[in-house]
Number of protein chains: 2
Amino acid sequence: MPDTFAQPTLEDVARAAEVSTATVSRFLNTPDQVSPKAREKVAAAVEKLGYTPHFGARAMAAKRTQTIGAIIPTMENAIFARGLQAFQETLNDKGYTLLVSSTAYRPELEAEQIRTLIARGADGLLLIGYERDPAVYNYLHTRRIPYLLAWAHRENAAHTAIGFDNKSAMATLARHVIAQGHRNIGVISGIRLGNDRATDRVAGIHLALAEAGLDPASAPLIEAPYAFESGAAAFSNLMRTSNPPSVVMCINDVLAIGALQSARDLGIKVPQEVSITGFDDIELTTLVTPKLTTVHVPHRTMGSLAAEELIAQIEEKRPGQSCRLDSALRLRDTLAPR
Amino acid sequence: MPDTFAQPTLEDVARAAEVSTATVSRFLNTPDQVSPKAREKVAAAVEKLGYTPHFGARAMAAKRTQTIGAIIPTMENAIFARGLQAFQETLNDKGYTLLVSSTAYRPELEAEQIRTLIARGADGLLLIGYERDPAVYNYLHTRRIPYLLAWAHRENAAHTAIGFDNKSAMATLARHVIAQGHRNIGVISGIRLGNDRATDRVAGIHLALAEAGLDPASAPLIEAPYAFESGAAAFSNLMRTSNPPSVVMCINDVLAIGALQSARDLGIKVPQEVSITGFDDIELTTLVTPKLTTVHVPHRTMGSLAAEELIAQIEEKRPGQSCRLDSALRLRDTLAPR
DNA sequence: GACGAAAATGTAAGCGCTTGCATTTTAGTC
DNA sequence: GACTAAAATGCAAGCGCTTACATTTTCGTC
């Protein structure tokens, strides 16, 4: 008894079209090598049988999968969700499929996830930021896996990256803050260990401080996990000191909005009594009151470009090309001159 | 010259461990069928060579891929991002990998995406809601693809689904609203065409209205795309009528928050002059002022359960089991008695 | 120590596809 | 029509793995 649920194979199509399997395969992959007559017959057979090539077989024989893997901290973070969505859309347009894995903010999981996605046949990989064990990069190079870093960009870095320069973007905002007369600048950072975006952003603030002749080391800084509440807690700690800052610069919008909430709860007026700034320009920034001053980052553009670049790398077998995207200040209502 | 970048194969491992390829394969798949001594040798060889099984070969020989596909409207929507994240985490824990595709809110793309993911070897599929072309369900059944619907649940429905009952959840909220004395209820719905979640939620409101002896047809309703601005526009249209509603029930939080913004812009006090309600309980609801009254839905739990259920379906080759999750009212500050 | 059953291992046949090479067909030229 | 180069097609060898079946080893019993 024939298995009614078995999928038609290349051979079935070949038989129906009265050609060899090679011709069918060519029809699928390099149609211009097939005569119009044969093309027609094969097309009809494919249509009639509802044939879809078997992915595994194809992967094995052709050694590529048209699949690209991405490893991000979490999709729940809007900035990753947005970029990843654009990445996926572009991938899809180009005939690639997205394999997703997340570290849930435990960077030590990344190495294993990379292996998993590679084992799953990913033709290329999208990773977040620069910071990871050299052994991981080593593995990637040894196995000749095309990869691309996103959400970050450093001049003359050793790895191909597409993103924005966290340090200089934040420095630009910090210079503006200083130009507004602020001298006592509090900082709420994300956890910097293993997170170069956070590290670079703090470094940007410190750079601007130093340029202005201020001592970076004397700027109070609190590290807080990525959550509204921890931003709120950090803020209240900063404000509770004997010499509270006149502005609190947060490494991202989520922490900044937490700070804003906290300010409201504590009855501290923003921006009259204290200014607050963020980074990322998530949708929320214009929904809170007062609207948050922050740095806009083109996440969707980045995701799309990343997809295009990665595919180009894979298909043209060429080395990666980094790309630096511009960020822009969004001066809204939470920053006032001192 | 040997290809230095070639991956070690099963055969290489077998040679290094001085056993047959079958033993290595068993070590990988059913280790208890291998003697401790052999197990040790193979483990050492795997370690030494840095062996990873080839996905395609495995897929071809074993006819499964340990890969599960999910098709969602967009990851940019927090409610999908959250559920999908949990889904992915659970999948990962169980040794499965997630393949993601999105329709970008064009349901007509779904059928093709389903085919793509199946062709990519997905062992099972996670889909959103019930509403789709019968031909799609037909295809799924013909090919015997395990699938699971999420973000929705209807009693005695023909398909396995894990989610909450949108209709009764919204009806519960609507009954509460009516109990607060509201009689003139405006509705801002998402686009209902092809979206059973939106359809059911509106139906829930209408049900409660009818129960209370009010005419559902006379309740003003505006459909608006999923975006803050369209919620805002819809709200201002509703309020501009000669007999503006005393409460505006929105089908989701995004529309509700848009409405809230609009109310503020128009100088209409919430909840004193008009009440507003949402649905989903996204993080934002407690960050806006006043805090939004809405319906909480356990997205993360749903995602995890969906992963478990789908894997069970696949591995135990059993029919799917639907599961209805409870939603809960979150009575906050945007709803006041009339 | 011999025996049989159970456990462990090995052998080898595919799984469905791509592709190098060989062969046939087609088209162009004299 | 004969001849040649180019285009189209076919043949068949893998790709790396799983697994049915055959064979060998181990172990408990008498």
Side-chain angles (χ1 to χ4, degrees), chain A residues 2-3 5-43 45-46 49-67 118-123 143 315, chain B residues 2-3 5-43 45-46 49-67 95 118-121 123 143 315:
Chain A
D3 184 347
F5 303 104
Q7 278 306 293
T9 70
L10 238 211
E11 209 181 324
D12 296 329
V13 176
R15 202 176 305 122
E18 299 178 296
V19 297
S20 71
T21 59
T23 299
V24 179
S25 176
R26 285 187 196 105
F27 168 82
L28 262 20
N29 299 299
T30 49
D32 37 296
Q33 281 180 27
V34 177
S35 68
K37 214 172 103 189
R39 219 138 57 185
E40 219 165 279
K41 285 196 294 183
V42 176
V46 165
L49 297 175
Y51 170 77
T52 350
H54 182 108
F55 171 74
R58 194 169 223 179
M60 183 151 71
K63 303 188 179 319
R64 53 195 160 66
T65 59
Q66 304 259 105
T67 293
I118 297 301
R120 283 276 188 285
D123 288 340
R143 300 223 21 188
E315 297 190 344
Chain B
D3 184 347
F5 304 102
Q7 278 306 293
T9 69
L10 237 211
E11 207 181 326
D12 297 329
V13 176
R15 203 176 304 122
E18 300 178 297
V19 296
S20 71
T21 59
T23 300
V24 179
S25 178
R26 285 188 196 106
F27 168 82
L28 263 19
N29 300 300
T30 49
D32 38 295
Q33 282 180 28
V34 178
S35 69
K37 212 172 105 191
R39 220 138 56 186
E40 218 165 277
K41 285 197 295 182
V42 177
V46 165
L49 297 175
Y51 170 78
T52 352
H54 182 108
F55 170 73
R58 196 169 220 179
M60 184 150 67
K63 302 186 180 318
R64 54 195 159 67
T65 59
Q66 304 258 106
T67 294
I118 297 302
R120 283 277 189 285
D123 289 338
R143 299 222 24 186
E315 297 190 345

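Chain letters run A, B, ... following the sequence lines, proteins first and then strands; every chain starts at 1. Note that the structure is predicted; figures quoted are calculated from it, not measured.
Residue Ala45(A) comes nearest to Ala16(A) through the heavy atom pair CB-CB, 3.9 Å, listed as atom of the first residue, atom of the second, then distance. Pairing each heavy atom of Gly95(B) with each of Arg120(A), the nearest pair is O-NH2, 3.3 Å.
Put simply, CD on Gln66(B) and CZ on Phe55(B) are 9.5 Å apart, with the number rounded to the nearest 0.5 Å.
A 4.0 Å heavy-atom criterion places the boundary nucleotides of DNA chain D facing chain A at dA8(D) to dG16(D), written 5' to 3'.
As a whole-Å value, the separation of Glu11(A) CD from dC17(C) P is 9 Å.
By the 4.5 Å heavy-atom criterion applied to side chains, Val19(B) and Val42(B) are counted as neighbours. By the 4.5 Å heavy-atom criterion applied to side chains, Ser20(B) and Val24(B) are not counted as neighbours. Looking only at side-chain heavy atoms (C-beta outward), Thr9(A) and Asp12(A) come within less than 4.5 Å of each other. Taking 4.5 Å as the limit, some side-chain heavy atom of Gln7(A) sits within range of a side-chain heavy atom of Arg143(B). Annotation: side chain of Leu28(B) is in contact with side chain of Arg58(B) (closest heavy-atom distance under 4.5 Å).
End-to-end axis angle for the helix from dG1(C)-dC30(D) to dC30(C)-dG1(D), using five pairs per end and rounding to 10°, comes out at 30°.
Each of Val13(B), Leu10(B), Val34(B) was evaluated against Thr23(B); a single residue qualifies, Val34(B), per the side-chain contact (heavy atoms from CB on, under 4.5 Å) test.
If you check residues 56-67 of chain B against DNA chain D, the residues with a heavy atom closer than 4.0 Å are Ala57(B), Arg58(B), Met60(B), Ala61(B), Ala62(B), listed by number.
Dense packing is recorded around CD of Glu315(B), with more than 12 heavy atoms of other residues, nucleotides or ligands lying under 6.0 Å away.
Residue Tyr51(A) is in sugar-phosphate contact alone, with no base atom involved, counting any heavy-atom pair closer than 4.0 Å across all strands shown.
Screening residues 23-42 of chain B for salt bridge (charged side-chain N to carboxylate O under 4.0 Å, His left out), with sequence neighbours left out, gives no hits.
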Readout for nucleotides 8-13 of chain C: B = base within 4.0 Å of protein heavy atom, S = sugar-phosphate only, - = neither; 5' to 3' it is SBBBB-
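In this structure, the side chain of Asp123(A) engages the main chain of Thr65(A) through a donor-acceptor pair within 3.5 Å.
Taking the salt bridge (charged side-chain N to carboxylate O under 4.0 Å, His left out) definition, one finds that Glu11(B) meets it with Arg15(B), sequence neighbours left out.
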